[in-house]
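Please read all numbers here as calculations on a predicted model, not as lab measurements. Just so we're on the same page: letters track the sequence lines, and every chain starts at 1.
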2 protein chains.
Amino acid sequence: MQETTLKDNRRHDLLNAASELLAQKPAASLAEIADYAKIGKATLHRYFTGRDDLMLALAQRAFATIEDAIAKSELERGGATEALTRLIEALVPLGDKVYFLLNDSTLAEHPDLAAADHATRAPVLALIRRGQASGEFRADLTAEWIVHQMDYALFAAWQAVYDGSVARKDAARLLVTTLLGGVGMR
Amino acid sequence: MQETTLKDNRRHDLLNAASELLAQKPAASLAEIADYAKIGKATLHRYFTGRDDLMLALAQRAFATIEDAIAKSELERGGATEALTRLIEALVPLGDKVYFLLNDSTLAEHPDLAAADHATRAPVLALIRRGQASGEFRADLTAEWIVHQMDYALFAAWQAVYDGSVARKDAARLLVTTLLGGVGMR
DNA sequence: CTCGAATGAGACTATTTTATCTCATTTGAG
DNA sequence: CTCAAATGAGATAAAATAGTCTCATTCGAG
């Protein structure tokens, strides 16, 4: 039982290192990933059969992390605006584990991820629709469009944090206010 | 003189084909690009010494296209809001030639592109600042942040058009209204 | 039409990355 | 401490891609 736990931890650390490196260098080779994780290439292959397997595990964990953040945000609770704010505040800190997704094209088409993608998107879509029904969010935009824009706004925020142009602690607030209020003066 | 023109046309067609294919398949090999452009690999190498050279030319043309769109938008003319609207309406149709930039990591670090990037960003930043000074745009956000969010919102819009969830003709209007007004009800 | 330049198809080589394998060393459970 | 399992380093093979070269064919200016 402990063996399994140890292995899982190791696997977890490896995925952390990989997503960290891939966020900076999306084209990193497996050898570079192994080096960055301070393990031998052979060991990497003992945990993942190949690059595809690693990327898939990485993406699955990213989606799981997002699902977790969504669950913790309790999107059904309170006003839709407050719920969206909680969601964004929960998602912004995940950048390290999710940002690499943007730069990988092979993942978008993977069938196993379509379900995970839908599972993460559905509750957010529901929240947006709830907010539209309650008059908190604009109803002249489709919920899908809003969620899609939100996704990219998140990537933009993560990148801004990553390149230092925005402080990590400010990112969530900036994102919420930009997303909800737009850049035009009201 | 005509020889040069012919060669330039051919080069132009080749770049068009490449950006078109790379938008769909960012990891396309040079052989695939050559096939897609319906030319031999050898000919591709006669126009571009290698992948780096091709990607650089592609990116430079993308920036030139953007600069052109900016110039045609006459950002200094009229209200900042109207100017921003003109800009977005000019940029949205360029997706085919620019979208691939998002999926390439090697370009971000290329020194020759830093200047082009700055050249395209400067007039847009100036427009945002003008709008902030005139009270049209929010002044509690930095112009850099606004432009950065706008960049990603554009990529999001291009992708939505590309995957069919938004009609090409609606994209610009949607983007302008989302960007300026946000998703919250005012 | 004619000729030189440009092209395409594909053989071929070089380079890079992935994946496998061996074996000495390390690790940690008991 | 002891031993079986896990690891790391590197050799090696395999695969994919990049890049070069040759030569017969096509193209287009004049």
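Per the geometry, CZ belonging to B/Arg10 stands 7 Å off C1' belonging to C/dT7, to the nearest Å. If you take CG of B/Asp53 and C1' of D/dG19, they are 13 Å apart, rounded to a whole angstrom. Rounded to an integer number of Å, the gap from B/Arg11 CZ to C/dA6 C1' is 16 Å. Distance, A/Leu44 CG to D/dA6 C1': 15 Å, rounded to whole Å. Atom CE of B/Met55 is separated from atom P of D/dA18 by 11 Å (rounded to the nearest Å). A/Asp52 places its CG atom 10 Å from the P atom of C/dT18, with the value rounded to the nearest Å.
Within residues 29-43 of chain A, the residues that have a heavy atom under 4.0 Å from DNA chain C are, in order of number, A/Ser29, A/Leu30, A/Ala42.
A salt bridge does not link B/Glu74 with B/Arg86: every distance from a Lys NZ or Arg NE/NH1/NH2 to an Asp or Glu carboxylate oxygen is 4.0 Å or more.
Applying the side chain to side chain contact (heavy atoms under 4.5 Å, CB included) criterion to B/Val92, with sequence neighbours excluded, gives B/Ile88, B/Leu154, B/Ala171, B/Ala172, B/Leu175. Taking the ring pair (Phe, Tyr, Trp, His ring centres under 6.0 Å) definition, one finds that B/Phe155 meets it with B/Trp158, sequence neighbours left out. For A/Tyr152, the ring pair (Phe, Tyr, Trp, His ring centres under 6.0 Å) test picks out A/His148, with sequence neighbours left out. Taking A/Ser134 as the reference, A/Glu136 meet the side chain to side chain contact (heavy atoms under 4.5 Å, CB included) condition, with sequence neighbours excluded.
Within the nucleic acid shown, A/Arg46 comes within 4.0 Å of at least one base atom, counting heavy atoms only.
Taking side-chain N and O atoms only, A/Tyr47 has a distance below 4.0 Å to OP1 or OP2 of D/dT7.
The stretch residues 73-125 of chain A participates, sequence neighbours left out, in no ring pair (Phe, Tyr, Trp, His ring centres under 6.0 Å) pair at all.
Taking only side-chain atoms of B/His45, from C-beta outward, the nucleotide of C/dT18, D/dT20, D/dG8 with the closest atom is D/dT20.
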